[in-house]
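Throughout, a chain's letter reflects where its sequence line sits, starting with A, and its residues are numbered from 1.
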Amino acid sequence: MLRTEEILSTIDMLHAEHLDVRSVTLALNLDDCAAPDIGHVCRKVRQKILGRASRLVETCDRVGAKYGIPVINKRLAISPAATLLAGHGCGAAVRLAQTLDAAAGECGVDFVGGFTALVQKGVGAGDDVVIRALPDVLAQTARVCASVNVASRKAGINMDAVHQMGHTLLDIAAATADRQGFGCAKLCIFANIPEDNPFMAGAYMGPGEPDATVNIGVSGPGVVGSSLRRRLATDVKLTLGDLAEEIKITSFRVTRVGELIGREVAAELGLAFGIVDLSLAPTPTVGDSVGEILKLLGIAQVGAPGSTAAVAMLNDAVKKGGLFASSSVGGLSGAFIPVSEDATLAEAVEHGHLVLEKLEAMTSVCSVGLDMIAVPGDTPPETLAALIADEMAIGVINDKTMAVRLIPVPGAKAGDVVDFGGLFGKTPVMAIRNAGASEAFVHFGGRIPAPLQSLGN
Amino acid sequence: MPETQHAYVLDVMAEDHPGIVASVSQAVESLGGNIDSCSQTVLGGYFTLIMIVSLPDRIAPDELAERVRTAEGASRPYQVLVYPWQPRLPAAVAEPSERFVITAFGADQPGIVRRFSQYLAGKDINIVDLYGHREGEEFVLIGQVEVPKRWDVGMMQADLEQLGQELGFAVKLQHENVFVATNQLRFTRTP
């Protein structure tokens, strides 16, 4: 029998603190849709997506209602589009993307991830098509999200691909100049891309996964913020250890809810349950912010000294609570600090408290990287590439995932404010110091070798 | 459950104070009996205890009640009821069901418990645990209930929300697993 206090405390989490399941992502392997004729590929892709995912939204809503937990986002992730596009051209890539876009729309999901190329060691035929098609794909579709893995612990950093992505970002921004370069918000550039990430824009289905699986992204930072606020209001003389403990307990609870919902959705759809991703993904909604958690932890201005330590503590506590709660933890599983999607972070940038270099330091101790950063539209491609390279280096050396989402906003200067709308939020354009000073480094090209795996100091 | 056929259900009510369980169990033991299961609760300063006890010899229920009332150490009077225990009572809910939790929060007024419980009774939903508490003007009602699987949960949620609106109450019906998952280390039962 449940105790009254247990029921009341859960009710508090659900209704006062807005516990939710952030994302249910159905991952599908589309490799069996390959065919020499792109029309045939697209028909098979549509058939497979509708066959597997047409009941996803309705099932999530019904299961969510049964437990009183809203499932905020329902999404699709596919095996890398590069596999289907080997031997085809950019026109075929756009047709495939439009098919994915339409099928996702028919299923009622808002995004489909997996327009992906894995090029950490070199660019294959299909990868080349994916990367070259990105400007058209991201400009001409609404729901398709892309990712390119340019580095890994075992391969090092493919600097040719990093350089190419610098140019590609500018091309995507130009292709979506009417939307302030928004196409770039649907592209993640990765080191150590996880095979089972449910969060956009980087969700895709990697090798070694079943034919179809359901992955879950747990609730956002709002719940952790509320629990800290309550603890701080009721207890005096709290130490950082006590606050870490509070975060851990909250993470345990949200992870258990995520797994409960995910397993039931998977069972109802007759699919395998995959993983719970513990990531705290902020939204522009006030209160649903990692920046606000840092403030609660005593960092009055996010970006001030101490910010990196506070993020590290948060990230670690979230993982510890989540790992105890579930044996199926995967994906990115850390705190996200996407600037435009987090109102407190965007405000810190606006006031000059948070600069690019400090953000870079913070990304070295949390998931995932320089995320949703608007930069001036005239940033040289080599500088964009060098920014990406720095983040990839942090990922490769520290054996962690890094994902970069940079948006060079056409025509915008540092300090201008851009609004991408909805979940993507708004942010000032961040200044890049020493832009143009990394050209020779990037032009060397080649591959930065895989790092040492011992003597880890 | 009882090991002999001479088993009784004992219900004790008293003003709460230390020593009630001690004196009741003393009375049972003085008859050579064994306590097979028990549950107590205290509400508003009043204590209530239900016990199933088994005795080596048959005893008239009234006599057993009197032995408990006059037990050694009973410093204040108890209300005691005793029934012979029936081993094969039919299950309260015979059909397949799942356990849900109803919570209702709102301004207190007469009739809240009646309205909700009448709705549940009309659907053959058994209340297995009920908690109600008034604090100032606010009343909170929590019921753990067994909902027959034949009912559509979405429709019931709509009914209860409507009932809540009529009474000015925020009402939720949620599967118990979400409360288990967020509070307890045990596995949730697969529906």
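- Using modelled atom types, one finds a donor on one side chain and an acceptor on the other under 3.5 Å when comparing A:T10 with B:T182.
- Of the listed residues A:I261, A:I11, A:V257, the one with more heavy-atom pairs under 4.5 angstrom with chain B than any other is A:I11.
- B:E29 CD: 12 or fewer foreign heavy atoms inside a 6.0 Å radius.
- The two residues B:Y8 and B:P84 come nearest to each other via the heavy atoms CD2-CA, 3.9 Å.
- Using a 4.0 Å cut-off between a side-chain N of Lys or Arg and a carboxylate O of Asp or Glu, B:R150 and B:D124 qualify as a salt bridge.
- Evaluation of the side-chain contact (heavy atoms from CB on, under 4.5 Å) rule for A:E58 yields A:R55, A:R62 as partners, not counting sequence neighbours.
- Here CE of B:M13 is found 10.5 Å from CD1 of B:I20. Values are rounded to the nearest 0.5 Å.
- Judged purely by distance below 3.5 Å, without hydrogens or angles, the side chains of B:E166 and B:Q162 pair a donor atom with an acceptor atom.
- The distance from the CG atom of A:D288 to the CG atom of A:D20 is 7.0 Å, given to the nearest 0.5 Å.
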- Task: Take A:E6 and A:R3 through the salt bridge (charged side-chain N to carboxylate O under 4.0 Å, His left out) test and state the conclusion after the steps.
- Result: CA-CA 5 Å; A:E6 293 176 335; A:R3 290 185 295 125; 3.6 Å; yes
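- Listed by sequence position, A:F324 are the residues of residues 317-333 of chain A in contact with chain B, using a 4.5 angstrom heavy-atom cutoff.
- For a residue to count as touching a neighbouring chain, one of its non-hydrogen atoms must lie under 4.5 Å from one of that chain's; by this rule A:L260 touches chain B with the side chain only.
- Residues of residues 128-147 of chain B lying under 4.5 angstrom from chain A, judged on non-hydrogen atoms, are B:V128, B:D129, B:Y131, B:V140, B:I142, B:Q144 in numerical order.
- Taking the six-membered ring where the residue is Trp, the centroids of B:F47 and B:Y78 are separated by 6.0 Å or more.
- Around atom CD of B:Q86, no more than 12 heavy atoms belonging to other residues, nucleotides or ligands sit under 6.0 Å away.
- For residues 216-253 of chain A, a heavy-atom distance under 4.5 Å to chain B picks out A:F252, A:R253, given by residue number.
- Here OG of B:S39 is found 7.5 Å from CD1 of B:I50. Values are rounded to the nearest 0.5 Å.
- Heavy atoms closer than 4.5 Å to chain A are found in the backbone of B:L173, but not in its side chain.
- For the residue pair B:D159 / B:Y119, a side-chain donor-acceptor distance below 3.5 Å is found, with atom types taken as modelled.
- With salt bridges taken as basic N to acidic carboxylate O contacts below 4.0 Å, none links A:E292 and A:K295.
- A:T255 does not touch chain B: none of its heavy atoms, backbone or side chain, sits under 4.5 Å away.
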- Task: List the steps and the verdict of side chain to side chain contact (heavy atoms under 4.5 Å, CB included) for A:V254 and A:M13.
- Result: CA-CA 9 Å; A:V254 299; A:M13 280 184 94; 4.1 Å; yes
